[in-house]
Amino acid sequence: MATISGHPTLLLNPIISTLEKCKTMHEMRQIHAHMIKTDLVNHTFTVSKLVTFCTLSRLPEGLDYALTVFRQIRNPNAFIFFTLINGFSGSWNPVESITLYAHMLSCLTDLNGIEFSLPSVLKACGRSRSLEEGRQVHGQILKSHFQFDPFVSNSLIRMYMELDEIELARMVFEKMLERDVISWNSMITGYLSAGEIELARVLFNEMPERDIVSCNAMIDGYGKFGKCELAEEVFRMMSDKDVVSWTSMISAYVLNHRPREALDLFREMLSVGVRADGPAIVSVLSAISDLGFVEEGKWLHTHISTNKIELSHGFIASSLIDMYAKCGHIENAYHVFRCVSHRRNIGDWNALISGLATHGLGQDALEVFLDMERMEIEPNEITFIGLLSACSHAGMVDEGQYYFKIMQEKYNIVPKIQHYGCMIDLYGRAGRFEDALGVIQNMPMEADVLAWKAILSASLKHGNAAIGENAALKAMDSAPEDSSSYVLLSNIYAKARRWDDVAKVRLLMKERGVKKIPGCSSILVNGKVHGFLARKEMDVEFSGEVLSKINEVVARLKLEGYEPDLTQVLLDIDEEGKRSLLCLHSEKMALAFGLINIRNGAPIHIVKNLRICCDCHSFIKLVSRVYSRRIVVRDQNRFHHFENGSCSCKEYW
DNA sequence: ATAGGGTTAG
């Protein structure tokens, strides 16, 4: 090609249009080579174009290649600097933006146009946690005539919020002459993510004009801090709602364990003609996971297919896998997992492994992990939480030890408290107290409630009152309001028939005002979820029927050797009272309701909020044999598949 | 060029 003279546009256009069609880094390099041969590399405009395309190409290494090309430019102008500063500000290497910005200030003689880089460099300071550099840029801004530019001020607010410097953000906000809606919204979202709900609320009420973003941010913030009613208030007063508004409200319900309302709202959204997108689907899927009944999930899966929503896009597949696993349909989870074999996220693997773990399918979880290794997929810390809990739920102590080791040595993952928690649980369930306590002693952080509760429930399982007492003290120390520590300790005493000590625990709870969380079990019958609360009937209309069914079943099981385990009742009452209270455990009521209303031979599926109690566990085992029923119970920790007198958990729960 | 929603987790 000839040198550039005459009609440059005629000569340049082909290069630029070739760049636009570029699909791989290899093609990008070829164009670059051609530019070197034809001396176009010395033509600032064309090279800028190359740098721009490399930066915006989203090709792997595109940014670094752009930087290499950029370094060969003799007189870079403010626009090329901006392209790179902006490109790096959102990358994994935001520090490069700051370096480039400093370089720009030192080498440009004409400072016209550098203001375009200010929002980007501020963003980079926020993302790279460079407070000192951010303050320096702020200082320069104060000396320039951009100090009252809303764009620049808004970026400063955003940066300070990201650096947890709320006061500084507020200061910038206060000094602004003209605040636009984005200034207000940036302050509000900053306050919300710092947990300053009240300050956010005040600004929200004060701001002259709220837009959809302000409202959506408030709904989301209220939801994340357990204030569903306030979220509803904002949601209901909005005249225009978009899919983000609906999703924010839906996930507020999900986070506050109100899955029914989340689902109803999702249906309402569709009925008013708002199309569900990825995030909306994902949040409603987690509502269904929480609920635990697959019917709604199947409907949603169909909705995804008929609306041609790509499974492998975003978190949809992971959420579907999780939903099927948490609804007890591990086969369907596998099916979705196989469907996305061409494009899998790490979340897809993790959801499957964790799902297998809760079903006690330790061996299968290990096999999935081996597949990951064969395919050279890099596991992350969540993968190992799933894998270790799979080992612990299946009693696979050696395997657990082995993977805890290679997690650190092969994958360079530093164990977090959750990983140590899995190990404590793993040893504890297996009755290896010395090893379990050794983990607590040697881990680099303080043991938390969950760590001590793992020891505590192991002590109950293996009848070790001394270790249990100590663990209970520690657990109550770090979370005095957590009723389950008291309940577990009391169970340990009851098992040892130390009734005086049971009474002491009960007294302690009373003194501290700790209330036992009532057990609640649900069951799906004829498309409707019925909930049963321990000692009380939620479904009043079926009350009498359910109680007489339980009595009938108890009588029948007694012929098979069932003896109610009265140690599971903590109240100080006579034996007869204990017997009748045991019958009012929520899972027994749900089961009785299922036996009445679900046709013979069909499996019964129950979801419980707490751990299943020992008496109910043996009770349901017997029912599965005597009544020839498959019974699936999901409790707080895991699934129990009861069949023909035994349970899939093999007592590892 | 600056503001809003989502998964897997002891």
Side-chain angles (χ1 to χ4, degrees), chain A residues 82 85-86 89-90 115-123 126 149-159 161 180-190 192-193 211-221 223-224 242-252 254-255 276-286 289 313-323 325-326 333 345-355 357-358 380-390 392-393 415-426 428 439 447-451 453-454 637:
Chain A
F82 161 69
I85 292 171
N86 186 38
S89 69
E115 69 273 21
F116 286 105
S117 295
L118 288 172
S120 303
V121 74
L122 292 170
K123 177 179 172 187
D149 181 334
F151 262 114
V152 172
S153 300
N154 289 344
S155 303
L156 278 168
I157 292 174
R158 166 105 192 122
M159 176 190 76
M161 283 300 193
D180 58 17
V181 67
I182 295 177
S183 327
W184 290 89
N185 288 348
S186 300
M187 283 304 296
I188 287 175
T189 54
L192 288 172
S193 60
D211 67 357
I212 202 164
V213 176
S214 341
C215 297
N216 294 350
M218 287 307 291
I219 294 170
D220 181 65
K224 289 200 165 106
D242 63 6
V243 68
V244 179
S245 326
W246 291 91
T247 308
S248 303
M249 194 60 230
I250 289 168
S251 46
V254 174
L255 289 172
D277 63 359
I281 300 262
V282 168
S283 57
V284 76
L285 275 171
S286 67
S289 298
H313 196 269
F315 306 134
I316 292 183
S318 314
S319 307
L320 264 177
I321 293 167
D322 174 63
M323 181 277 292
K326 291 207 174 119
N345 297 137
I346 183 69
D348 303 336
W349 293 90
N350 292 351
L352 185 63
I353 290 176
S354 304
T358 59
N380 64 14
E381 52 185 56
I382 298 173
T383 317
F384 284 100
I385 295 175
L387 199 58
L388 295 175
S389 81
S392 135
H393 281 299
K416 289 193 162 178
I417 194 148
Q418 288 100 319
H419 299 103
Y420 289 109
C422 289
M423 295 309 287
I424 297 164
D425 198 48
L426 178 78
V439 174
D448 61 3
V449 219
L450 287 165
K453 267 162 54 176
N637 295 324

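In the text below, chain A, chain B and the rest are named by the order of the sequence lines, each starting its count at 1. Since this is a predicted model, take the numbers as computed values, not measurements.
One interatomic measurement links the two molecules: CE of Met423(A) to P of dA9(B), which rounds to 19 Å at whole-angstrom precision. In this structure, CH2 of Trp349(A) is placed 19 Å from C1' of dA9(B), rounded to the nearest angstrom. Atom CD1 in Ile182(A) sits about 14 Å away from atom P in dA1(B), given to the nearest Å. When the P atom of dT7(B) is taken as reference, atom CG of Leu285(A) falls 10 Å away, rounded to whole Å. Atom-to-atom, CD1 of Ile385(A) to P of dG10(B) comes out at 7 Å; the value is rounded to the nearest Å. A straight line from NZ of Lys453(A) to P of dG10(B) spans 13 Å, rounded to a whole angstrom. Atoms CE (Met218(A)) and P (dG5(B)) sit 13 Å apart, rounded to a whole Å. As rounded to whole Å, 18 Å separates atom P of dA3(B) from atom CH2 of Trp184(A).
Here Asp348(A) lies out of heavy-atom contact (under 4.0 Å) with every strand. Residue contacts shown for Val152(A) are absent, as no nucleic acid heavy atom lies under 4.0 Å away. Residue-level contact check: Tyr420(A) touches neither bases nor backbone, having no heavy atom under 4.0 Å from any strand. Among the atoms of the strands shown, only primed sugar atoms or phosphate atoms (P, OP1, OP2) are found under 4.0 Å from some heavy atom of Ser319(A). If you check every strand for non-hydrogen atoms under 4.0 Å, Ile212(A) touches a base. Looking at heavy-atom distances under 4.0 Å, Asn380(A) makes no contact with the nucleic acid at all. If you check every strand for non-hydrogen atoms under 4.0 Å, Ile188(A) touches nothing. The residue Ala317(A) sits apart from the nucleic acid: no heavy atom pair falls under 4.0 Å.
With dT2(B), dG5(B), dA9(B) as the candidates, the nucleotide lying closest to the side chain of Ser155(A) is dT2(B). With distances taken from any side-chain atom of Asp425(A) to the nucleotides dG10(B), dG6(B), dT2(B), the minimum falls on dG10(B). Here dG10(B) is the nucleotide among dA1(B), dT2(B), dG10(B) with the atom lying nearest to any side-chain atom of Ala451(A). Looking at the side chain of Ser248(A), the nearest of the listed nucleotides dA3(B), dA9(B), dG5(B) is dG5(B). When distances run from any side-chain atom of Ile382(A) to the nucleotides dT7(B), dA9(B), dG5(B), the shortest one goes to dA9(B). Relative to the side chain of Asp220(A), the nucleotides dG10(B), dG6(B), dT8(B) differ in distance, and dG6(B) lies closest. With dG6(B), dT2(B), dG10(B) as the choices, the nucleotide that has an atom nearest any side-chain atom of Arg158(A) turns out to be dT2(B). Among the nucleotides dA1(B), dG10(B), dT8(B), the one closest to any side-chain atom of Ser389(A) is dG10(B).
Residue side chain Asp448(A) reaches the base of dG10(B) through a donor-acceptor N/O pair under 3.5 Å, judged by distance alone. Not a single donor-acceptor pair, N or O on each side, falls under 3.5 Å between the base of dG6(B) and the side chain of Asp277(A). Judged by atom type and distance alone, Ser318(A) reaches the base of dT7(B) through a side-chain donor-acceptor pair under 3.5 Å.
A donor-acceptor contact shorter than 3.5 Å is absent between the side chain of Asn185(A) and the backbone of Ile188(A). Checking side-chain atoms of Ser354(A) against main-chain N and O of Ala351(A) turns up no donor-acceptor pair under 3.5 Å. Remark: side-chain polar atoms of Asp211(A) are paired, donor with acceptor, to backbone N or O of Ser214(A) under 3.5 angstrom.
Rounding to the nearest 0.5 Å gives a distance of 4.0 Å between CD1 of Ile346(A) and OG1 of Thr383(A).
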### Task
For side chain to side chain donor-acceptor pair (under 3.5 Å), just list the numbers for Ser319(A) and Asp322(A), CA-CA rounded to whole Å, side-chain angles, deciding distance to a tenth of an Å, and then say yes or no.
CA-CA 5 Å; Ser319(A) 307; Asp322(A) 174 63; over 6 Å; no
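Considering only side-chain N and O atoms, Lys326(A) lies under 4.0 angstrom from the phosphate OP1 or OP2 of dA9(B). One finds no side-chain N or O of Lys123(A) lying less than 4.0 angstrom from the OP1 or OP2 phosphate oxygen of dA3(B).
Evaluation of the side-chain hydrogen bond (donor to acceptor under 3.5 Å, both in side chains) rule for Ser245(A) yields Asn216(A), Asp242(A) as partners, not counting sequence neighbours. Shown here are the side-chain hydrogen bond (donor to acceptor under 3.5 Å, both in side chains) partners of Lys123(A), two or more places apart in sequence or in another chain: there are none.
Taking a centre distance below 5.5 Å and an interplanar angle below 30 degrees as the stacking criterion, Phe151(A) stacks against the six-membered base ring of dA1(B).
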